[in-house]
> 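So that we are looking at the same thing, I have put the structure below in structure tokens.
Here is the naming used below: chain letters follow the sequence lines, and residue numbers restart at 1 for every chain.
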Protein chains: 2
Amino acid sequence: METARVRRSSEFRQAEIVQAVVALAAECSPADITTARIAGAMALTQGAIFRHFPTKEAIWLAVAEWIEETLLGAIEEASLSSGAPLEQLQAMFRAHVGFAVAYPGAPRLIFHELQQPGDSAVKRRIRGLLGSYRGTLLQILKGARERGVVAHEVDVEHAATLFIGAIQGLVMQSMLAGGMRGVEESAQGVFGVFLSGIAGGQR
Amino acid sequence: METARVRRSSEFRQAEIVQAVVALAAECSPADITTARIAGAMALTQGAIFRHFPTKEAIWLAVAEWIEETLLGAIEEASLSSGAPLEQLQAMFRAHVGFAVAYPGAPRLIFHELQQPGDSAVKRRIRGLLGSYRGTLLQILKGARERGVVAHEVDVEHAATLFIGAIQGLVMQSMLAGGMRGVEESAQGVFGVFLSGIAGGQR
DNA sequence: CTCGCATGTAAGTAATTGCTTACTATCTTA
DNA sequence: TAAGATAGTAAGCAATTACTTACATGCGAG
């Protein structure tokens, strides 16, 4: 009982494919995402996928671009929500964790691409993403240190690594628990510990 | 020009296979490790692999066991090197990072297994590993809090998550950089930031 | 109204996967 | 020294991979 065949524009299908990949990555390893599974997830045949992307690599690249736009967009929006550096950091942290909770496949995709050997276009894109992420992080941290709300002896590079690691730790914890339940609450506490690690001011 | 055929005990080959997997994981994604590549890495034919392991799953399990023994062994040894909780934590941190530097494939294997769906014997083993890791971490943190060297308002669960995340962040940074160069130095600094985040005492 | 093209399907392709098979070489030991 | 066990090889298995091809069809422009 095949369902009625639906015709959509290629642009529409491209976006749909990207979303399907992100959704599938939430439940299985990116390495196990085949074009057949993608097609199955959107009620298409496997061959139809190649009407909208020339190659599977192109799909991964489109996914990477979507992650870049969405995550960096959320981060930037969060950083603009306040003028106080520490509040900016907290908003960014919250936004990043919120993104990971909303799209649990995204961090997996990033990690999966990074550990691929060699240099692909996808990997370069992901590196660029993380580079500009780290860049805004460093900028805020440096500004905070100049204002004295972050202790001047803190190495901002190390602080940025710990900031990113804190989120990684939360993601890992959620993979252990088998779900994203309670992650946002833990995030609050973990960020608190991080914050008192870099705080200067009243000491 | 095939090299002279070498005969080794099955026990010897099993250990060799585990080491080959760990070494291969340092250079490529665990998903790309095939039995043929394993065999190639140790100058054997692919079929010979199955003389020493009944199935590929059994290989992954043996690898997980090796990681558990080696990592937990190093961690325990480090934690016994001192009686002072904060020094214990630092020794554990150093030992863990050292392990990741010596065997860069190990964290990838752990992450790869964790994001596999369902419940396999391998995944259960990895969960057990991380569980007892976190257990000793919590024990030390609680002891430190009772002695007052860790601020009493610190949530030890969150602190443990941040501790593990800090290492994850360092691993991620090294994957970005494309190598493990300089990680141990960064580790020192990152741990310093973490430490001042949980430190109580002289405030 | 109709015709061309974009979007779909179904059935291929070669390559690669984990694993098995039939057979051979080496070592131990009675 | 003959026999059995162990560890190796090469070839081939069915299943799965990304990707291609041949053919069907519905929508919009002329």
> One thing to verify: whether A/Asp119 and A/Arg127 come together as a salt bridge, which I'm taking to mean a side-chain N less than 4.0 angstrom from a carboxylate O.
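A/Asp119 and A/Arg127: salt-bridged.
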
> When the distance from CZ of B/Phe12 to P of C/dT26 is rounded to whole Å, what number comes out?
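These atoms are roughly 19 Å apart.
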
> Please enumerate all residues that pass ring-ring contact (aromatic ring centres under 6.0 Å, His included) together with A/Phe53, with sequence neighbours excluded.
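A/Phe53 satisfies ring-ring contact (aromatic ring centres under 6.0 Å, His included) with no residue once adjacent residues are dropped.
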
> May I ask you to check whether A/Tyr133 and A/His96 place their ring centers less than 6.0 Å from one another?
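Ring-ring flag for A/Tyr133/A/His96: true, centres closer than 6.0 Å.
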
> Between B/Arg134 and B/Thr161, do the side chains contain a donor N or O and an acceptor N or O under 3.5 Å apart?
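Side chains of B/Thr161 and B/Arg134: pair found under 3.5 Å.
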
> How many Å lie between CZ on A/Arg7 and P on C/dT7, as a whole number?
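Atom-to-atom, A/Arg7 to C/dT7, this comes out as 7 Å.
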
> Classify B/Leu44 by what it touches in the nucleic acid, base, sugar-phosphate, or nothing, heavy-atom distance under 4.0 Å.
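Since only primed, P, OP1 and OP2 atoms lie under 4.0 Å of B/Leu44, the category is sugar-phosphate.
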
> Rounded to whole angstrom units, what separation is found between the CD atom of A/Gln46 and the C1' atom of C/dT7?
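To the nearest whole Å, that distance equals 16 Å.
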
> Rounded off to whole Å, could you give me the CG-to-P distance for the A/Asp32 and D/dA15 pair?
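It works out to 19 Å between those atoms.
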
> For B/Glu11 and D/dA7, give me the distance from atom CD to atom P, rounded to whole Å.
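My rounded result for the distance is 10 Å.
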
> Does a nitrogen or oxygen in the side chain of A/Thr45 sit under 4.0 Å from OP1 or OP2 of C/dG8?
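For C/dG8, neither OP1 nor OP2 has a side-chain N or O of A/Thr45 closer than 4.0 Å.
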
> 5'-most contact on DNA chain D: A/Ala36 or B/Arg8, nearest heavy atom basis?
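The residue closer to the strand's 5' end, by nearest nucleotide, is B/Arg8.
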
> Would you mind telling me which of D/dT17, C/dT17, C/dT7 lies closest to the side-chain atoms of A/Ser10?
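Ranking D/dT17, C/dT17, C/dT7 by closest atom to the A/Ser10 side chain puts C/dT7 first.
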
> May I ask you to decide whether A/Glu16 forms a salt bridge with A/Arg8, counting only side-chain N to carboxylate O separations under 4.0 Å?
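A salt bridge is absent here (no side-chain N lies under 4.0 Å from a carboxylate O).
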
> Ignoring hydrogens and angles, write down the donor-acceptor pairs under 3.5 Å from the side chains of residues 82-91 of chain A, residues two or more places apart or on other chains.
unit_1: A/Ser82; atom_1: OG; unit_2: A/Ala84; atom_2: N; d: 3.0
unit_1: A/Ser82; atom_1: OG; unit_2: A/Glu87; atom_2: OE1; d: 3.1
unit_1: A/Gln88; atom_1: NE2; unit_2: A/Ser79; atom_2: O; d: 2.8
unit_1: A/Gln88; atom_1: NE2; unit_2: A/Ser82; atom_2: O; d: 3.1

> Quick one, which residues of residues 50-58 of chain B touch DNA chain D with a heavy atom under 4.0 Å?
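The answer is B/Arg51, B/His52.
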
> Could you check B/Gly47 against A/Gly47 and say which one's nearest nucleotide on DNA chain C is further toward the 5' end?
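So the residue in question is A/Gly47.
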
